[in-house]
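To keep things clear, I will list the structure first and then write my remarks on it.
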Amino acid sequence: MKDLIDKIYKHGNKEFLELLDSRIEDNKKTFIITANPETLMYSKTDEEILNMLNDKQNLIVPDGIAVVKAAKILKIDIKERIAGIDICTHLLEYASAHKKKVFLFGSAQNVIDGMKKVIANKYSGIDLLGTENGYVKDKDKVFEKIAKLKPDIVMVALGIPSQEKLIYKHLSKFKHGVFIGVGGSFDVISTVKKRAPKLFIKLNLEWLYRIICEPKRLKRFYNNNVKFILNIKKYK
């Protein structure tokens with residue numbers, strides 16, 4: 001586990017977004033893995049996830065304050081949490097400003113419809129190549145379609161680990177582009193759900209806000225975040 005955490009991007013939000021911008025401009029293929037405790041816990045039992053995290057071509061960011069805290073326990077200097085939703089929002093802003101081609105895949109149809117409205121109203125510079133909800137049966141076929149369109153940015157909202165596995169499976173079909181699994185980011189950006197209040201975000205308590213809003217998340221939080229930290233302390 002320590003080796004995986006040591007592979008995570010160590011600088012801050014600003015530096016990462018600047019790196020991302022330069023990679024888009026240079027047409028460098030980039031797969032961003034937003035690593036939270038759940039992602040890292042999957043690596044203990046899922047060889048596909050483990051290989052993905054060990055692949056030096058991928059960019060892994062610390063999307064979870066528990067990951068940053070675990071790094072400190074292990075004496076690894078990771079500057080700060082880099083939230084997946086902030087990366088997602090930045091990519092939309094950048095794509096709009098630079099007329100980039102974008103494809104959105106995942107979430108429910110009402111969420112995708114909300115995303116299309118937000119893009120039309122707020123990010124109108126985006127060349128939206130297409131969208132597909134996450135309930136389509138043949139997801140591989142969707143990715144084959146996306147590859148033919150040659151997008152600059154592909155956002156996939158299918159939840160961990162499905163979204164990462166699907167991206168990684170088809171990554172070789174693309175010559176360029178930024179690929180990221182965005183989890184529930186579409187829900188928030190489309191305004192179907194609200195993001196945590198600024199105070200929760202500032203205090204790194206977004207996880208608590210989500211549990212308050214959706215108590216059923218508590219079991220998932222325990223199985224991943226709590227067990228993750230216990231694992232780290234045991235390792236140390």
How close do [X] and [Y] get, heavy atom to heavy atom, and via which atoms?
X    : Y    : value
G181 : I167 : N-CD1, 3.7 Å
T30  : K28  : OG1-O, 3.0 Å
I5   : I78  : O-CD1, 4.0 Å
S185 : I85  : OG-CA, 3.4 Å
G106 : L158 : CA-CD2, 3.9 Å

Is there a side-chain contact between [X] and [Y] (heavy atoms, below 4.5 Å)?
X    : Y    : value
L199 : L203 : yes
T191 : I189 : no
L104 : I119 : yes
L4   : I60  : no

Tell me, please, which residues at least two apart from K29 pass side-chain contact (heavy atoms from CB on, under 4.5 Å). L171, F174, F179
For the residue pair D26 / H176, report whether a side-chain donor-acceptor contact shorter than 3.5 Å exists. no
Taking atom types as modelled, is there a side-chain donor on N51 or Y168 under 3.5 Å from an acceptor on the other? no
Could you tell me whether K165 atom NZ has more than 12 heavy atoms of other residues or ligands within 6.0 Å of it? yes
Test item: [X] side-chain N/O and [Y] main-chain N/O as donor-acceptor pair under 3.5 Å:
X    : Y    : answer
E164 : I49  : no
S124 : K122 : no
K10  : D6   : yes
D152 : K101 : yes
S22  : L19  : yes

Mind jotting down which residue pairs meet the salt bridge (Lys or Arg N to Asp or Glu O under 4.0 Å) criterion with at least one end in residues 195-208? Sequence neighbours excluded, please. R81-E206, D86-R195, R195-E206
Here the ring-ring contact (aromatic ring centres under 6.0 Å, His included) pairs for residues 120-158, sequence neighbours left out, are F143-H170
Looking at [Y] and [X], is there a salt bridge between them, counting it only when a charged N and a carboxylate O are closer than 4.0 Å?
X    : Y    : answer
E18  : K14  : yes
E132 : K141 : no
D140 : K169 : yes

Tell me whether [X] shares a hydrophobic cluster with [Y], the cluster being built from Ile, Leu, Val, Met, Phe, Trp, Tyr side chains joined at under 4.5 Å.
X    : Y   : value
L17  : I8  : no
V178 : V61 : yes
F200 : I65 : yes
L91  : Y9  : yes

Tell me whether the rings of H98 and Y94 are parallel (<30°), tilted (30 to 60°) or perpendicular (>60°). parallel
Roughly how far, to the nearest 0.5 Å, is CG of N133 from OG of S107? 9.0 Å
